[in-house]
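Some notes on the structure that comes next.
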Amino acid sequence: MAGRMKDKVIIVSGGFGVLGRAVGQAAIEAGACVALIGHGRPEEIAPHDRLMAIGGVDLEDLAPTTRAFEAVAARWNKIDGLANIAGGFRWQTLEGGDLAVWPDLFRMNVLTAATTMKAGLPFLRAARGAIVNVAAAAAQDAKAGMGAYAASKSGVLRLTESAAEELKDAGVRVNAILPTIIDTPRNRKDMPNADFTRWAQPDQIARTILFLLSDDASAITGAELLIASRS
Ligand SMILES: NC(=O)c1ccc[n+]([C@@H]2O[C@H](COP(=O)([O-])OP(=O)(O)OC[C@H]3O[C@@H](n4cnc5c(N)ncnc54)[C@H](OP(=O)(O)O)[C@@H]3O)[C@@H](O)[C@H]2O)c1
């Protein structure tokens, strides 16, 4: 992995969350310049000369998102890759749940991805770059209580599919990954009796995302890659 991303400039949306930080770390280790963008506190991120941390950005809002992309391009002259990690989860049954959660999850998962892609496209077109959207395995196989979440992540898949078609002649690749359960502190708290060793580690998923952003995946666009944990 070391050196694979040398001279690449990568933006990580939702970069202050668990998976976002792991992608940022892995991209730095692989030689990239990295910008973490989203809700979050830049002062919590260890500084590095190839890292920008741009907090306080609502990724549902095109104007501040565009300003963040412009700041990254102003510093490093280009943007090669976008890892769309921003998103959120709520478990609720249809019968007992709150319908207000449905548009909330749509905004968190689909609208954030559409906004960052729209903000990033002028730069990604110029670089013939790549996008990886994080959907979820639930988009293919939704269990009880996952309706709103699975519907929103299915939206991420259709957005990926459509954008891959829209951008194929521009040389911009767009792929999606579908993780099952990731080993995060929140999941450990929510599922204390689970066997955590069977869950995918954030750095394993991060390396998959970097592969799809790298030139090693230059023939891959429109893919939906399931990342199954062993649970
Ligand atoms: N954890 C899992 O088991 C799992 C499984 C499958 C898929 N995924 C997906 O993987 C991604 C990362 O998961 P994670 O566990 O690392 O979650 P996380 O720690 O909650 O990270 C998500 C980050 O996105 C940010 N974000 C959400 N909406 C935003 C917005 N409108 N503007 C700016 N930032 C926003 C969050 O900030 P705030 O929290 O401050 O809003 C948070 O920093 C998500 O898309 C999730 O749906 C996770």
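Counting starts at 1 for both ligands and their atoms, in listed order. Quick note: residue numbers are just sequence positions, from 1.
- Against a heavy-atom cut-off of under 4.0 Å, A135 is close to the following atoms of ligand 1: 7 (C).
- F89 and Y149 have perpendicular rings, their planes meeting at more than 60° on a 0 to 90° scale where under 30° would count as parallel.
- For the pair G20 and ligand 1, the shortest N or O to N or O distance does not fall below 3.5 Å.
- At a distance under 4.0 Å, no protein heavy atom can be found next to atom 20 (O) of ligand 1.
- Atom 13 (O) of ligand 1 has its closest protein heavy atom at L19 CB, 4.4 Å.
- Regarding atom 40 (O) of ligand 1, its nearest protein heavy-atom neighbour is H39 CB, 3.3 Å.
- Scanning the protein heavy atoms around atom 22 (C) of ligand 1, the nearest turns out to be G87 O, 3.7 Å.
- Put simply, CG on D58 and OG1 on T112 are 9.5 Å apart, with the number rounded to the nearest 0.5 Å.
- In this structure a side-chain-to-backbone donor-acceptor pair under 3.5 Å is present from T180 to I227.
- Looking only at side-chain heavy atoms (C-beta outward), L124 and L82 come within less than 4.5 Å of each other.
- Shown in contact with G17 at under 4.0 Å from a heavy atom are these atoms of ligand 1, numbered in order with element: 19 (O), 21 (O), 43 (O).
- Against a heavy-atom cut-off of under 4.0 Å, I181 is close to the following atoms of ligand 1: 3 (O).
- In this structure, the protein non-hydrogen atom closest to atom 5 (C) of ligand 1 is T180 O, 2.9 Å.
- Listed by atom number, the atoms of ligand 1 under 4.0 Å from T112 heavy atoms are 30 (C), 31 (N).
- Here the protein heavy atom with the shortest distance to atom 44 (C) of ligand 1 is I85 O, 3.2 Å.
- Within the listing of ligand 1, atoms 30 (C), 31 (N), 32 (N) sit less than 4.0 angstrom from a heavy atom of D58.
- Atoms of ligand 1 lying under 4.0 Å from any heavy atom of N187, numbered from 1 in the order shown and given with element: 1 (N), 2 (C), 3 (O).
- Any N or O atom pair closer than 3.5 Å counts here, and V18 shares at least one such pair with ligand 1.
- Taking a cut-off of under 4.0 Å to the non-hydrogen atoms of V57, the atoms of ligand 1 that pass are 32 (N), 33 (C).
- Considering both main-chain and side-chain atoms, L59 comes within under 3.5 Å of ligand 1 through a nitrogen or oxygen pair.
- Remark: atom 17 (O) of ligand 1 lies closer than 4.0 Å to no protein heavy atom.
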